[in-house]
Amino acid sequence: MKEAYNPQEIERKWQYVWSEKRVYEVTEDHNEEKYYVLEMFPYPSGRIHMGHVRNYTIGDVIARYKRTLGFNVLHPIGWDAFGLPAENAAIERGVHPAKWTYENIAQMKAQLKRLGFSYDWNREITTSDPNYYKWEQMAFTRMFDCGLAYKRSSVVNWCPSCETVLANEQVVVSGAVLPEPQSGSGGNKQFASDGNKEAARCWRCQSEVELRELEGWFFKITDYAEQLLDGCERLKDGWPERVLTMQKNWIGKSTGAEIDFPLEETIEGVRSLRIFTTRPDTVFGVTFMCITPENPISERIVKGKPQEKEAVQFIQRIKRQSNIERVGEGVKKEGVFTGAYCVNPFSEERIPIYIANFVLISYGTGVIMCVPAHDQRDFEFAKEYGLPIKVVIQPEGDDVNPDDMKCAYEDVGIMVNSGEYSGTPSEIGKQKIIEYVETKGFGRRQINYRLRDWGISRQRYWGAPIPIIYCDRCGTLAVPDNYLPVELPMDIEFTGKGGSPLAKIEKFVNTKCHKCGGDARRETDTMDTFVESSWYFLRYTSPDFENGMLDGARGKYWLPVDQYIGGIEHAILHLLYARFYTKVLRDLGMCNLDEPFLNLLTQGMVIKDGAKMSKSLGNIVDPDDIIAKYGADTVRIFMLFASPVERDLDWSDEGIEGSYRFLNRVWRFAYDFGIRNSEFGIRESFNPQSAIRNPQSKGLLIKVHKMIKKVTEDLERFQFNTGVAAIMELLNAVSRFQSNGNDEKAVLREAIETIVRLLYPFAPHIAEELWEALGYKETLVDKPWIEWDREIVGSAAVIVVLQVNGKVRSQVFMDPDTTEEEMKQAAFSDERVKSYISGKEIKKVIVVPKRLVNIVV
RNA sequence: GCCGAAGUGGCGGAAUUUGGUAGACGCGCUGGAUUCAGGAUCCAGUGGGUGAAAGCUCGUGGGGGUUCAAAUCCCCCCUUCGGCACCA
């Protein structure tokens, strides 16, 4: 054993040993209980960053710990290899996306290996590999067959200069991200707008982004809205509550009714307007209706009316506006009267119809009934245009009067001015109104979701091709299994102009129809990369399987993922898509799984100087530099110790020094002990019975077992920061300990061995090295977890606090099984306590065994 | 605006699961040892006030309450962070 701790040397050594012994390569073993721990796989951007290091260190601690508990641990890693940065590199630097990606993977893989993570590299997955996306294409064709994948047009962001579609993340408004233009994959990221008309711009060329209607492919995630919502209930025990809340909000279920309002005069065959409302109980309070400009009925309804010209201008103006301009904070409600009326089917009142900017295009029917007395938005609109306000819900014990209302009354209450329903509580009224419209046939109960279908089309090259061909004679056809995969052609030039790169490759586009043999064209859109990440965790269970997405038998053994770990930023999209896709695959008979991730741990960000590490801020700390300076174990210890896993972690150069110091101290104590005992040659037979009776050695022995208990419990609860602190505490106890006799020497050795074993999941290289130096042949990788001795822990003397009137006045050591009466006696005979109670009347004495005595005077 | 989480030394954080010594552990700082010197290492100290010291006293965002006892439980308020925000 060397005197100096040399992390570079020992880390290289143990990484080699583990890899030679193939210790992390696992197979199904039905005699052993499995444990599947997974970290979100990285995008191969080129370098591992501190966020990855934190994520993967947490996963590695869990994987190693579970393994020592005897679980058959599956701990895989791979690459989310498709995506835009590769294509941008091609456009900017002329590197082929494949070359760029695979070189990055090679680099990052080396980095991960230097960190000593316990991955089964045999299961490594790269999503850009045709052997991977082949199965995704096959699943697509099955989804196409049953209507879960379909094509339609939708409004997208279009950059006229780059001639390409932009994802929402690529559209910027004063540094913020644009919300979804209207429908599709979601991504309604919120941004702050100051109400000024700021243009949405392309992130690369700063051109003003246009809204364009474009054909694209969608997954029918809305069909699974209810199931995804149900699943949230079942995941309650294993997922953070806030993630589930975010998903529930995203799905946004609301229950209500659709009701037809007959038009006063039929317009081009249209007799009524259908609305969706969650408040059918307020239907008697409708004083106007509003239509979204996008609804085709808007233009038809004004035809020939005196208001036509003004209305058409309004429609065209609003239609050109992006979402920001329409719904940004502080944007005024605007509308225009159509000149048309409909009739309230309940009150038979004549209701004017408006076209308004605040009616959403893609929610409900695009037409709303407006009840200004009981809806704030309608209230504001009514005030603006001088429309009547009719109160139909009265709060109990109060009186709402339309003339002095400052805002709408949106709560429940008693229905008034509502014909035969007057006097009915609103909750009951809702049901009665729905029943009525259903029996009369002019409406029905209806559930609406905010969730939109998932737009998966990307007019991009570096993604999985959508396996569809268009034949003039046979129509739109899925590519049959024996023609899969539809491989990405490799010989291609990147200009960044002229739309989809694939569309320009004639060899790719032009094909023959497998059905009729005639000329056909291939679909040139590729799939959203969220599709790959929606099933990679399934593929890990059988990455070499050649007959389908995953091998049923192997999948059944390993799945579901027991512990998933990743950043909170994926709380909605990735996690929701993966849940959805898993359910689809289940329904297609490809796997037998309802929920993919049993438990979810969301780790916080790595922060430096109060901000997330990022290139633009220039506050990046490169993990490689730190590893080169201190070694992987130090980085790992710091990542775990500096902060609880769920919270953000503040990077600190001094902090990492502290972690390095700690490992150096561990090394030195082991070394010193080894020297004093001639390289650990003296192997006293350790006798805990004798050691515990020996007052010289008892204290440290108790500390050893208390700390084993503490660290074990902290590992179970993922409280790694306090777990590491407990090992440090034990080391401090060792450093204070004087060893002379045999019992003391034996206990000291026991303490040092314990530190090494407890350290193993956190800092595995140094632990293995010291364990070997201590004279053991077996590696810690396969050694069962150390257990604490209940009796030793239980025999520890307890400090009993003596209080007078709730204030601590003294403290004494006591045997843990001291009786309450004895504790009381001890308290009353304590000198310091005596001075506080002498001459005073004792009112009450509280005794808490093992803790305290409180005397109230 | 609505929903949720959190506020503890100079800093990161512990104790909140179970009401029972607040500040574990680390960083930083102060003093000392070692050294030609620096670094590294080791030892001691380190919430505020007061005191020579023993000690006393205040102290977990603010205010109130429950209790023998509150960082922990309850109510009101403030601040910060996160999510949602014309979803009818």
Side-chain angles (χ1 to χ4, degrees), chain A residues 179 188-190 240-243 245-250 252-254 256 275-280 282 290 323 326-329 331 333 356-371 374-378 380-381 407 410 448-452 568 571-572 604 607 637-638 641-644 646-659 661-662 664-665 668 710 713 717 719 721-732 735-736 799-811 832 843-857:
Chain A
N188 282 335
K189 294 242 172 73
Q190 210 26 62
E241 196 190 309
R242 60 183 186 137
V243 174
T245 308
M246 280 189 235
Q247 295 213 346
K248 279 187 226 162
N249 286 342
W250 190 259
K253 179 180 182 175
S254 50
I275 59 95
F276 172 75
T277 178
T278 55
R279 293 296 301 269
T282 64
C290 283
N323 268 32
R326 284 198 222 181
V327 307
E329 208 172 316
V331 174
K333 290 186 178 40
N357 66 342
F358 71 97
V359 183
L360 294 178
I361 318 141
S362 49
Y363 184 80
T365 60
V367 185
I368 56 170
M369 68 175 210
C370 296
V371 186
H374 305 293
D375 183 289
Q376 186 58 28
R377 297 157 299 185
D378 302 346
E380 286 166 27
F381 192 87
C407 62
E410 295 184 322
N448 270 354
Y449 300 93
R450 283 183 46 190
L451 185 70
R452 307 287 140 78
I568 187 77
I572 300 174
I607 303 282
I637 289 288
F638 177 71
F641 176 67
S643 178
E646 300 243 15
R647 250 190 273 177
D648 286 350
L649 182 151
D650 244 314
W651 178 267
S652 131
D653 294 333
E654 292 79 23
I656 195 113
E657 291 275 353
S659 300
R661 239 186 325 258
F662 164 60
N664 268 293
R665 284 185 78 204
R668 212 162 38 245
K710 168 81 177 144
E713 286 167 354
R717 288 181 298 182
Q719 292 187 11
N721 57 330
T722 52
V724 173
I727 303 174
M728 290 174 169
E729 211 180 317
L730 183 54
L731 184 66
N732 290 343
S735 79
R736 282 190 296 266
I799 300 165
V800 172
V801 174
L802 305 180
Q803 296 180 331
V804 178
N805 284 349
K807 290 195 176 179
V808 180
R809 294 305 178 187
S810 182
Q811 40 185 283
R832 294 183 38 78
K843 282 192 175 159
K844 201 173 178 181
V845 180
I846 293 116
V847 181
V848 183
K850 294 189 207 182
R851 287 212 187 266
L852 62 68
V853 180
N854 186 15
I855 300 167
V856 185
V857 295

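Residue numbering restarts at 1 for every chain, and letters A, B, ... go by the order of the sequence lines.
Nucleic acid contact class of A/Val724 (heavy atoms, under 4.0 Å, all strands): none. Looking at heavy-atom distances under 4.0 Å, A/Asn721 makes contact with sugar-phosphate atoms alone, never a base. In this structure, A/Glu646 reaches neither bases nor backbone, as no heavy-atom distance under 4.0 Å exists between it and the strands shown. Looking at heavy-atom distances under 4.0 Å, A/Asn448 makes no contact with the nucleic acid at all.
Counting only heavy atoms from C-beta outward, the side chains of A/Arg279 and A/Val371 never approach each other to under 4.5 Å.
Nearest to the side-chain atoms of A/Val856 among the listed nucleotides B/G13, B/C68, B/C25 stands B/C68. Listed candidates were B/G20, B/A88, B/G28. Nearest to the side chain of A/Leu852 is B/G20. Side-chain proximity of A/Lys844 to B/C68, B/A88, B/C86: nearest is B/C68. Listed nucleotides B/G26, B/G20, B/C84 differ in distance to A/Gln803; the shortest reach to its side chain belongs to B/G20.
With rounding to whole Å, A/Arg717 atom CZ is found 11 Å from B/U16 atom C1'. Separating the NZ atom of A/Lys710 from the P atom of B/A14 is a distance of 10 Å, rounded to the nearest angstrom. Look at CG on A/Asn854: it is 14 Å from C1' on B/A70, rounded to the nearest Å.
Between A/Arg661 and B/G28 there is a side-chain polar atom (N or O) within less than 4.0 angstrom of OP1 or OP2.
Remark: A/Lys333 fails to qualify as a cation-pi partner of A/Phe381 under the 6.0 Å distance and 45° angle criteria applied to the six-membered ring.
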